[in-house]
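Notes for the one structure printed next.
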Amino acid sequence: MKLAQNITLFLSILLFIGLVYIAFFNVYQTDDYIYFWGTKKLGFIGNAIDFYTHWGGRYFGYTINMLNPVSKDPQNILPKIYPAVLFISFIVVSAFNFKQYFNDTFSQSIKKAFLLFFFYTVLLISISEHYFWISGSNIYFLPAILSGILLFSYKKFQKKGGKFWLFLNCSLVIILPGSNEILALLLLGVLSALYFQKKSLETRILLTIAIIGVLVSFLAPGNFKRMADSTDIFYIKWVKRIGAFGLNTFYILIKIIFILPLFIKIFENELREIAEKIGFKKSVLVWGISFLPLVFTGYIINTIGRQFENVMFFFLLTFALLVMFKFNKIKKFWWLSLIVVFLPETDILPQKYSNFNIDYNLKNIIQEVFFSDLKEYDREIENRISLIQNSKKDSLVVEKIKTIPKVLYFDEMSSVNEDKSYVDDQLEKYFNKKYIRTK
């Protein structure tokens, strides 16, 4: 175990340093502009209501994005420091949970938190949208950190009681269903299982709040407005739904299986301690919560993308526990997991299904640090924004961005020969221009 831990810890620290370095060249993108524009036009509350009624029910995720200070930050300072703040927050929150749940020393808990950060990162489907895009990280990464705070807070309440910890638990349960739909369903599943195991006043309160939060989020008028009409015959819809559910589940299972030996090897003691406390049947129940969002996404025929990253991580944690019960010897193949995570992304599927290609991100991060001209990318974006902002013309045609990193989030505008895209629309509104395209 020591060898596997030491190697992975070394990789985790290098990974953290590499991601922070890449963040130095991060810039505002797409939705960052439109959130600020909407708030400026409608006001904070007005923009929140507009998003809820016309776009979707993420009442926390969308609303926090409206605080985006893009026009007040011409030097792009926030995009360069915010990812590092979130990385550190994830590690610190994880360390506090290791210390509290497993009685680790401070140094042991920090070490394990870095190891957990390693697995979280290699599982991500889109690092660019999850870590580096401010609008995306507020919807996907920040809520994962808040979930860790809820885990810590709940344990504190169990130990000490008190109104403060109950209030914090309730506040987080109000916030999280409004972050994103996947996390809303996972939270609802966990609190439901917790309530039926322990029918206390606190668990009843938390479950009630979660149910209300899920209803407020899912029944938002904006969700219904965004649903596309379909002329498919009823049974064809269900074939597609079953197919989407099957593909999503298969992808998650395959990606996790390859890194499972290393995860079990490193966290063997923690998994064994949990296994002794809850038993196999309860472990199956907790793992089964993973399928709640997968059934939902299958129903709306939504396939693998950045929105699946929360369920991917939850699936790993709970599935590893099940495997510990029945196939603990799989940990002997930890060295194979280390090899797999360095392999390049598979490139065997057509563009339409490209998200189903398996990628553990490490190769892309290494390539970005050592080979991508991140400074040139930063300079090109800065020049483009400066040109648009300072031009007195209503219509502009700008150069395409030539240096495009793979890890940093970027979505190019349409060219003069293409139809208008949402990126063009957002920049035109923000900069008050009638027409902006690329050559």
* Asked: Is there a side-chain contact between Thr121 and Leu15, using heavy atoms and a 4.5 Å cut-off?
  -> yes
* **Polar side chain donor-acceptor pair, Asn355 to Tyr251, under 3.5 angstrom** => no
* **Salt bridge Glu181-Arg58, side-chain N to carboxylate O under 4.0 Å** => yes
* Asked: CG of Leu176 to CG of Leu142: how many Å apart, nearest 0.5 Å?
  -> 9.0 Å
* Asked: Rounded to the nearest 0.5 Å, how far does SG of Cys170 lie from CD1 of Ile175?
  -> 11.5 Å
* Asked: Ring centres of Phe224 and His54 under 6.0 Å apart?
  -> no
* Relative to the ring of Tyr21, is the ring of Phe24 parallel (under 30°), tilted (30 to 60°) or perpendicular (over 60°)? -> perpendicular
* To do: Indicate yes or no: at least one non-hydrogen side-chain atom of Ser414 is less than 4.5 angstrom from one of Lys420.
  => no
* For the residue pair Tyr430 and Phe36, does the interplanar ring angle fall in the parallel (under 30°), tilted (30 to 60°) or perpendicular (over 60°) class? -> perpendicular
* **Parallel, tilted or perpendicular, as decided by the 30° and 60° cut-offs, for the rings of Phe87 and Phe16** => perpendicular
* To do: Could you tell me which non-hydrogen atom of Phe44 sits nearest to which non-hydrogen atom of Thr63, and how far apart they are?
  => CZ-CG2, 3.3 Å
* Asked: How long is the gap from CG on Asp424 to CD on Glu412, to the nearest 0.5 Å?
  -> 9.0 Å
* Do the non-hydrogen side-chain atoms of Ser12 and Thr8 ever get within less than 4.5 Å of each other? -> yes
* Structure fact -> From the list Ser128, Pro405, Pro83, side chain to side chain contact (heavy atoms under 4.5 Å, CB included) with Asn26 holds only for Pro83
* Between Gln108 and Thr105, do the side chains contain an N or O donor and an N or O acceptor separated by less than 3.5 Å? -> yes
* Asked: Which word best sums up how the rings of Tyr33 and Phe431 line up, parallel for under 30°, tilted for 30 to 60°, or perpendicular for over 60°?
  -> tilted
* So Trp238 and Tyr299, ring-ring contact (aromatic ring centres under 6.0 Å, His included) or not? Walk me through it. -> CA-CA 8 Å; Trp238 279 104; Tyr299 179 79; 5.8 Å; yes
* Asked: Is the shortest side-chain N to carboxylate O distance from Glu345 to Lys255 below 4.0 Å?
  -> no
* **Ring centers of Phe167, Phe157 separated by less than 6.0 Å** => no
* To the nearest 0.5 Å, how far apart are OH in Tyr409 and CG in Asp32? -> 8.5 Å
* Asked: Does a side-chain heavy-atom distance below 4.5 Å link Ile209 with Leu191?
  -> no
* Structure fact -> To the nearest 0.5 Å, atom NZ of Lys265 lies from atom CG of Leu271 at 13.0 Å
* May I ask you to decide if the ring planes of Phe267 and Phe263 are parallel, tilted or perpendicular, using 30° and 60° as cut-offs? => tilted
* May I ask you to establish whether Arg306 and Phe308 are in a cation-pi arrangement, using a distance under 6.0 Å from NZ or CZ to the six-membered ring centre and at most 45° from the ring axis? => no
* Taking the side chain as every heavy atom from C-beta outward, state whether Ser94 and Phe90 have any pair of such atoms under 4.5 Å apart. => yes
* Asked: Parallel, tilted or perpendicular: which fits the ring planes of Trp55 and Phe51, with parallel below 30° and perpendicular above 60°?
  -> perpendicular
* Using a strict cut-off of less than 4.0 Å between a Lys/Arg side-chain nitrogen and an Asp/Glu carboxylate oxygen, indicate whether Lys80 and Asp378 qualify as a salt bridge. => yes
* Salt bridge Glu380-Lys402, side-chain N to carboxylate O under 4.0 Å -> no
* To do: Could you please spell out the steps behind the ring-ring contact (aromatic ring centres under 6.0 Å, His included) verdict for Tyr120 and Phe141?
  => CA-CA 10 Å; Tyr120 187 90; Phe141 192 25; 5.6 Å; yes
* Would you mind checking if Lys439 and Glu399 are paired as a salt bridge, meaning a charged N to carboxylate O distance below 4.0 Å? => yes
